[in-house]
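Worksheet for the structure shown next.
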Protein chains: 4
Amino acid sequence: MCRWIAYRGETIPLEQYVTAPAHSLVVQSLKALESTASTNGDGFGMGWYGEHPEPGLYREVRPAWSDENLRYLCRHIHSHLYFAHVRASTGTPITRPNCHPFACGRWMFMHNGLIGNWSRLRRKVEALIPDELYGSRIGTTDSEAVFLAILGAGADKDPVGATERTLATLTDMLGPNKEPLRFTAALANGQDLYAFRYAANDNANTLYYRESGDSAVIVSEPLDTERAHWKPVPPGHMVIAQAGRPVELAPFLAAQRVAAE
Amino acid sequence: MCRWIAYRGETIPLEQYVTAPAHSLVVQSLKALESTASTNGDGFGMGWYGEHPEPGLYREVRPAWSDENLRYLCRHIHSHLYFAHVRASTGTPITRPNCHPFACGRWMFMHNGLIGNWSRLRRKVEALIPDELYGSRIGTTDSEAVFLAILGAGADKDPVGATERTLATLTDMLGPNKEPLRFTAALANGQDLYAFRYAANDNANTLYYRESGDSAVIVSEPLDTERAHWKPVPPGHMVIAQAGRPVELAPFLAAQRVAAE
Amino acid sequence: MCRWIAYRGETIPLEQYVTAPAHSLVVQSLKALESTASTNGDGFGMGWYGEHPEPGLYREVRPAWSDENLRYLCRHIHSHLYFAHVRASTGTPITRPNCHPFACGRWMFMHNGLIGNWSRLRRKVEALIPDELYGSRIGTTDSEAVFLAILGAGADKDPVGATERTLATLTDMLGPNKEPLRFTAALANGQDLYAFRYAANDNANTLYYRESGDSAVIVSEPLDTERAHWKPVPPGHMVIAQAGRPVELAPFLAAQRVAAE
Amino acid sequence: MCRWIAYRGETIPLEQYVTAPAHSLVVQSLKALESTASTNGDGFGMGWYGEHPEPGLYREVRPAWSDENLRYLCRHIHSHLYFAHVRASTGTPITRPNCHPFACGRWMFMHNGLIGNWSRLRRKVEALIPDELYGSRIGTTDSEAVFLAILGAGADKDPVGATERTLATLTDMLGPNKEPLRFTAALANGQDLYAFRYAANDNANTLYYRESGDSAVIVSEPLDTERAHWKPVPPGHMVIAQAGRPVELAPFLAAQRVAAE
């Protein structure tokens with residue numbers, strides 16, 4: 001079980017949420033509180049948007065807590081929309097291409113959770129990736145495969161719909177054995193940020209957000225002890241943060257979720 | 001284009017061929033002579049058989065020439081059958097699971113070459129891997145996929161036949177565009193060592209061997225200037241080194257090779 | 001605060017104590033029980049003696065719990081005398097040369113603890129290293145400096161005396177500010193194993209051992225729940241395990257320790 | 001022998017000189033032309049100034065040519081004053097703290113060359129570092145020691161004078177054995193950039209620059225085939241690039257240099 005944060009709002013240095021808070025993501029890499037894996041030391045990554053339509057990435061196999069490069073980069077890189085993720089592997093190797101976030105074109109994605117019995121489902125999920133995107137599969141995680149499947153399902157035109165269709169398909173794949181699927185994930189295109197909390201056959205991994213106007217910080221667990229500021233995202237819901245519009249909380253995959261429970 | 005060595009014979013320390021010779025594999029990592037890539041600094045690996053039926057592996061993303069662990073291990077590990085490989089990537093990421101050799105059960109494999117237009121063929125080659133072996137695909141290289149396809153084609157009962165059938169299938173996949181396939185590879189099961197030099201639509205990568213009774217050293221390029229000791233393996237041939245039998249040079253995929261040229 | 005194990009006895013595969021037990025050192029890297037740092041993910045190392053008078057080393061900056069090389073090596077390397085160590089840095093960088101154990105000639109050393117206010121004492125401790133050994137200082141830790149100081153104090157002729165003299169000198173350096181010194185360490189020369197538990201101005205880090213004839217396993221914390229097998233080493237004591245002699249528990253630096261308290 | 005570039009001028013993305021040119025620094029990491037070491041694969045680093053008085057750093061032990069993080073960062077980080085360096089180690093370990101550039105407070109430094117017989121001179125050079133800066137010695141290279149010695153000699157008030165005094169002292173240390181010293185280095189404080197080409201008892205490592213108004217690119221070897229644009233810095237000279245002033249070429253350590261030859 002991983003930990004992550006996603007931010008959309010005024011341009012700020014990444015450190016404001018990645019390294020500076022009392023219970024920052026880097027602190028969580030060593031000691032998470034609301035996670036079954038209290039140590040998230042199986043690599044980490046950051047992705048951010050700047051002047052280019054495509055995001056920048058910094059991913060590394062070492063733990064976040066001791067990475068001096070991370071501290072320098074968090075201080076010096078500014079962004080209006082960025083992701084950061086510390087990983088606790090569910091089995092796939094600790095390599096840079098397996099670290100979140102993943103990027104493809106202008107899209108960026110990260111995930112906390114797991115997709116059923118991956119050794120059984122892997123080929124089926126990889127088959128959801130269209131040929132023209134299969135070259136972008138440079139790692140071996142379930143998360144990257146789901147990302148590319150979402151893009152293949154039409155994220156460019158309808159990000160929420162593509163994510164819902166993909167998760168509905170994945171839920172159907174779980175079969176009568178009630179394999180667990182947990183999908184607490186963030187998706188962005190440089191302008192808009194979408195964060196999902198969903199599960200089938202299991203409890204959904206925690207997700208919280210803090211909003212102010214059209215800006216939002218979305219986190220696996222609160223970054224400080226001011227719990228009143230952090231609103232939980234209910235299971236089966238999503239947060240949408242778009243430029244110039246109020247942050248929105250909405251149901252995610254409501255119909256399918258009911259069917260799956 | 002990578003460089004590798006394979007050894008079968010008396011139990012010796014790995015250093016005898018990996019680090020000690022004047023033009024050792026580690027020297028070749030920095031300055032290969034018969035390779036289009038003179039630097040082979042995209043990771044390396046060693047695999048060896050000892051008391052266990054399954055081989056040990058040491059793989060690392062850093063260049064071999066500066067890896068202090070490699071020097072210690074080569075001095076301290078002894079084996080009757082071992083592989084070592086320095087990598088020059090043809091495009092797939094520099095990760096440990098993408099470093100050669102690859103191991104699966106008692107089998108071990110390494111490769112120098114490339115399999116056509118990998119972005120076009122990848123899905124087709126991965127489809128050759130049987131479901132029960134797909135979980136062993138922990139990296140993303142063409143080489144690992146070919147290895148698992150060979151195992152799936154029946155290497156346990158007939159290693160040479162399984163390799164020939166797989167390479168014949170791959171050669172057929174190259175299509176009318178004359179995509180190049182180069183397969184200079186080694187395969188072992190703890191007892192026997194097989195080394196292949198084959199290509200379609202291109203020149204085969206170099207391969208040499210040095211024999212003495214039932215022991216053999218097989219290399220991408222000679223380890224010293226005593227060229228007379230090193231016999232070239234002709235294209236479309238293989239070397240078979242088995243315990244208690246003389247080292248054998250034999251044609252590989254003779255029929256298909258003719259057809260492909 | 002780090003975790004370590006040291007073994008002397010029959011030749012066995014390293015895995016018997018490093019990776020196999022229920023509460024093995026690798027498990028302790030993720031979740032130590034008797035340590036102020038429950039995570040020991042700042043690199044790790046192993047050192048072992050084989051046929052060569054000088055030990056082999058394998059050190060890596062990644063956490064031990066996810067290192068696939070470590071598992072292969074522990075299964076395939078056998079030794080009659082070996083060390084393994086998982087690190088929780090007290091401030092010096094996470095680099096291979098800063099990972100324990102350290103080797104110099106036939107000697108090997110590892111340490112759990114800290115040497116006073118290192119930024120104040122560093123130059124003084126480095127000055128204890130004789131010129132002819134200063135080239136062996138390839139890292140920047142307090143532990144490596146103390147090791148080379150012990151060798152410089154005459155470990156070849158009198159390992160216990162050299163260690164006692166060095167620790168007495170270090171204790172004197174702590175000054176009136178009562179800087180803490182904690183020295184739970186192991187030293188070996190290929191034949192004999194010495195393990196020390198000592199502290200000044202602080203509680204000594206835990207140390208346990210399990211003996212059988214002339215063989216000994218010495219550990220930061222027990223490797224299993226059979227606590228009765230594991231004898232605590234009292235503070236200010238050492239364990240000496242020599243070939244052909246019963247394992248011995250003896251006072252370490254008794255006079256100085258009393259003076260320092 | 002390493003390769004480096006230093007830039008001062010308009011704020012630009014780092015990629016403009018690090019990764020984009022035909023013979024960019026990253027290309028030089030794999031195939032340098034004017035260097036005794038054609039491969040510079042022993043780690044690399046970048047340092048840059050932004051809004052903070054202290055520079056950012058990104059250093060890594062892997063070769064620059066295959067580092068995907070480097071490409072992302074070079075595209076996304078902009079700076080008016082930055083360094084990049086690819087390393088060919090002269091013996092000290094391949095660790096991040098041993099990669100250039102080095103930073104201390106607002107100062108940044110990188111070096112191509114070597115300081116005499118380092119194993120003989122190391123302690124003497126380290127003794128030049130004042131106590132208050134010794135805590136900033138986190139690596140073990142000769143280059144970092146010289147950097148801290150220069151800061152200790154008063155770089156804050158007189159950067160050129162401090163560098164000259166330090167190099168004069170080092171030249172005196174070389175002794176009657178004519179040990180070679182090569183110092184092709186860059187120093188910056190966030191505003192001003194100084195680059196030096198100097199040697200004693202040897203030929204000075206190459207250095208070129210290209211200027212336009214108050215902006216300058218200073219390189220180990222030209223980044224493209226337009227050789228006419230690149231002016232060689234003569235041995236015993238330095239380039240000074242300061243905001244609002246023309247780029248200046250001036251003698252460095254003229255008196256001592258004559259004496260040493």
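When reading the values below, keep in mind they use all heavy atoms of this one structure, side chains included, and skip hydrogens, waters and symmetry mates. Numbered from 1 within each chain, the chains take letters A, B, ... in sequence-line order.
From Cys99(A), atom SG reaches atom CD1 of Ile94(A) across 7.0 Å, with rounding to the nearest 0.5 Å. To the nearest 0.5 Å, atom CD1 of residue Ile150(D) and atom SG of residue Cys104(D) are 12.0 Å apart. Note that CG of Leu128(D) and CG of Leu148(D) are 10.5 Å apart. Values are rounded to the nearest 0.5 Å.
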Report every donor-acceptor pair between chain D and chain A with a separation under 3.5 Å, backbone and side chains included.
from	atom 1	to	atom 2	distance (Å)
Glu54(D)	O	His76(A)	NE2	3.3
Gly56(D)	N	His76(A)	NE2	3.2
Arg59(D)	N	Asn69(A)	OD1	2.9
Arg59(D)	O	Asn69(A)	ND2	2.8
Glu60(D)	OE1	Arg96(A)	NH2	3.0
Asp67(D)	OD1	Arg96(A)	NH1	2.8
Asp67(D)	OD1	Arg96(A)	NH2	3.3
Asn69(D)	OD1	Arg59(A)	N	2.9
Asn69(D)	ND2	Arg59(A)	O	2.8
His76(D)	NE2	Glu54(A)	O	3.4
His76(D)	NE2	Gly56(A)	N	3.2
Arg96(D)	NH1	Asp67(A)	OD1	2.8
Arg96(D)	NH2	Glu60(A)	OE1	3.0
Arg96(D)	NH2	Asp67(A)	OD1	3.3

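For residues 16-30 of chain A, there are no salt bridge (Lys or Arg N to Asp or Glu O under 4.0 Å) pairs, not counting sequence neighbours. Within the structure, salt bridge (Lys or Arg N to Asp or Glu O under 4.0 Å) contacts touching residues 17-28 of chain D (residues at least two apart or in different chains) do not occur.
The contact between Ile77(D) and chain A is made entirely by side chain atoms (from C-beta outward), counting heavy-atom distances below 4.5 Å. Neither the backbone nor the side chain of Pro13(D) comes within contact range of chain A; no heavy atoms are under 4.5 Å apart.
Val247(D) is listed as a side-chain neighbour of Val239(D), based on a closest heavy-atom distance under 4.5 Å.
Every residue was checked against the ring pair (Phe, Tyr, Trp, His ring centres under 6.0 Å) condition with Phe83(A), not counting sequence neighbours, and none meets it.
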